Chemist: 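One structure, as structure tokens, below. Some questions next.
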Amino acid sequence: MSDQISITLPDGSALQVGKGESVYGIIGKISTALQKAALAAKLGDVTVDLSHPLDESTTLQAVTFDMTEGKEIYWHSASHLMAHAVKRLFPDAKFAIGPAIENGFYYDIDMGAVLSPEDLARIEEMMAKIAAEDIEVRREELPRARAIEIFRDAGEIYKVEMLNEMTDGVVSIYRQGDFYDLCRGPHVPRTSYLKAFKLLSIAGAYWRGSEKNKMLQRIYGIAFPDKKMLNSHLAFLEEAKRRDHRRLGRELDLFSIHDETGAGLVLWHPKGACLKHLIEDFWRKEHFKNGYDLVGTPHIGKSQLWETSGHLDFYNENMYSSMDIDGQPYYVKPMNCPFHIMIYQSKGWSYRELPLRWAELGTVYRYERSGVLHGLLRVRGFTQDDAHIFCRPDQMPDEIDRVLAFCLFMLREFGFKDFKVYLATRPSEKSVGDDSMWQEAVKALEASVRRAGIEYEVDEGGGAFYGPKIDIKIKDILAREWQCSTIQFDFNLPERFDLTYIDSDGKKHRPYMIHRALLGSLERFIGVLVEHYGGKFPVWLAPVQVVIINVSDEEAEAVERLRLLMVEKGLRPDIDRRDETMGYRVRDAIGRKVPYIAVIGKKEVAEGTVSVRRLGENKSNTMKVEELIDMIEDDVRNRR
RNA sequence: GCCCACGUAGCUCAGUCGGUAGAGCAUUUGCAUGGUAAGCAAAAGGUCACCAGUUCAAUUCUGGUCGUGGGCUCCA
């Protein structure tokens, strides 16, 4: 046997090296720059430490920070560094889990002392110190039983719990100086690899995510191989703050939420209500085009309805308590479906009349626990762009296709390109409907998603108890995902209300029922929309499309004439004739993020023109009044 | 609901180691009549979230309530 092995690199070339050479050494033979940047290496699909010795021929790819795997390793190592620092400062701290996440890392820690934001600075300092000590990070493999002993002796109860649930005979721990942690790895080889880091926040988190368990303290942080990258990330977080819909909602005078009216209850100001109505108008128009009929239903209903629907059983904790009307209990609706079903029940249906597509912008009220409320994104009263489709089983695949296409069309018209699709299947616990129905429905959903050519993930067991569903989530500026669209099968309600139609065989059959919301709720959708556009709405959605400014009092009338002309054309102009300098008024209009500013002075009056400045540009163009109107109308037509 | 932090003028924030508070912007009123990102000046504006307690005295300390923020859990 030769003592040489062959290493295949990503570019297809091969490198002959001595047996037992470390990954680090091999990468050094490729390039010293790469050796410096490497955090770990991939042998096929397996990532290993740089110190890992190679005994067999294999493929090898250096893992650097610019790769997803690289960031994960880097952040995971940073979380160990943080834990190390915490242990030095708080020797009694017990560690739970400390993974890398999409943007950084966290560690869940159980400690006697309550951490304050000032402690974060101390921990950061200690991290810098440990990084400067340039301690070697070493992997150690040992029998699980031995690891249990070690962690038990150290009082690390959470690690012991995890170890007890593992089945591997051998586990690995990583040591850096006096600190060690149960960990699969890989990790960076020395603490000095961790250059620039920042601890961002401290929060509570239940052990294993269950509220029955103890609440631990979670510290979030981020780390980068150089200071510049860290700074630009911090700048990004600042930018995200500027785009926060709660801040923009106030600045642009869109909405407010008051202690006096109640948490999670939104008051729409004129500008916000205008935006909402523009979206609703568009929504209605498109629904008619797509073969929907509109229905309308009340905000409250008798308890009997909610008993039949089952909501009082399975949705009770989200419903507000009943009110007494003539001695009868009534409930505010948390969902629109039972009402739509009652419309269905108002007459008999022939198979020829299906499918029925009934849509309603229905406002529902749900009790949400106080801690989850969040601006417009999580509220207690909201308007769903709801619809229910009643169809024959044979129509179902086509209906799913149509809904999905319609949904993607709507989201794209609003400028969303980044969304994630989840296909949620039958939950393992209680659920209704027989297996064949579930399988058929899941198959239809999956086929439809495939046909639409979008990527999706299967959320195994994530369906509702009453049927499988497709959820489409939109990512906000902070990469948080918000569920907007949902397409759900319902095997429950048709059964409970005994829905039927008469088929060609003259017999009663059970229709399929699909719930769907495309935008989800208008509140949440507008919240996401505000952040998506950073408040700079496209012309077709801007509550004010153009601010008309006069240069001096002499043009006051001309400004009003133009306003009236535009209003007649169905545009949304605003005039600013305040007794302020032009510079002030232009600045104000820019601050309000109005897409066009039109200035009228002596010259423009004489020529029938306006001086037009677009938001984001600092030059203006003089054009005929008609040209400006055409431009705006063109923007609206093309939904720009 | 749970953990932590926070709540001072319409907004953004100072401040008071217990003696009832201040700035900038916004508002109002004068003056200035301005050509594309803040003209000048003055005035007005606060039960320091709310309710208790400790104290001669609470916006400040303690407790509770409501609300907000970051998370956890749950969801459109």
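All chains are named by letter (A, B, ...) in the order of the sequence lines, taking the proteins before the strands, and each is independently numbered beginning at 1. Remember, predicted model here, so these are calculated numbers, not experimental data.
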Chemist: Between V599(A) and L216(A), name the one whose nearest nucleotide on RNA chain B is closer to the 5' end.
Modeler: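 Closest to the 5' end, via its nearest nucleotide, is L216(A).
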Chemist: Does the ring of F382(A) meet both stacking tests against the six-membered base ring of A76(B): centre distance under 5.5 Å and plane angle under 30°?
Modeler: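 Base of A76(B): stacked against F382(A).
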Chemist: Give a yes/no on whether any side-chain N or O of T486(A) is located under 4.0 angstrom from OP1 or OP2 of A76(B).
Modeler: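 Looking at the OP1 and OP2 atoms of A76(B), neither is under 4.0 Å from any side-chain N or O of T486(A).
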Chemist: Tell me the interatomic distance from E211(A), atom CD, to C75(B), atom P, rounded to whole angstroms.
Modeler: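 Computing the E211(A):CD to C75(B):P distance gives 11 Å.
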Chemist: Using atom NZ of K473(A) as one end and atom P of C74(B) as the other, report the distance to the nearest whole Å.
Modeler: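 Between P of C74(B) and NZ of K473(A): 11 Å.
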Chemist: Would you tell me if any nitrogen or oxygen in the side chain of Q217(A) comes within less than 4.0 Å of OP1 or OP2 on C3(B)?
Modeler: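 Checking Q217(A) against C3(B): no side-chain N or O falls below 4.0 Å of OP1 or OP2.
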Chemist: Could you tell me the separation between the CG atom of N618(A) and the P atom of G35(B), rounded to a whole number of Å?
Modeler: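 Nearest whole value for this atom pair: 18 Å.
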Chemist: On RNA chain B, nearest-nucleotide positions of G209(A) versus K469(A): which is more 5'?
Modeler: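 Nearest nucleotide further toward 5': that of G209(A).
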Chemist: Check K94(A), Q217(A), K214(A) against D110(A) for a side chain to side chain donor-acceptor pair (under 3.5 Å) and give me the one that passes.
Modeler: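 The single option meeting the side chain to side chain donor-acceptor pair (under 3.5 Å) with D110(A) is K214(A).
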Chemist: Separation of Y584(A) atom OH from A26(B) atom P, in whole Å?
Modeler: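 Taking OH of Y584(A) and P of A26(B), I get 4 Å after rounding.
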Chemist: For the pair made of CG in L377(A) and P in C75(B), what is the distance, rounded to whole Å?
Modeler: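 My rounded result for the distance is 17 Å.
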Chemist: Can you check the E368(A) CD to A76(B) C1' distance for me, whole Å?
Modeler: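 Whole-Å distance recorded here is 9 Å.
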Chemist: Classify the side chain of Y367(A) and the base of G1(B) as holding, or not holding, a donor-acceptor pair under 3.5 Å.
Modeler: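 Per atom types, no contact qualifies.
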Chemist: Quickly, which of E604(A), R585(A), R577(A) forms a side chain to side chain donor-acceptor pair (under 3.5 Å) with N550(A)? Name it, please.
Modeler: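 Exactly one candidate clears the test, R585(A).
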Chemist: G71(B) C1' sits how many Å from I109(A) CD1, rounded?
Modeler: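 These atoms are roughly 14 Å apart.
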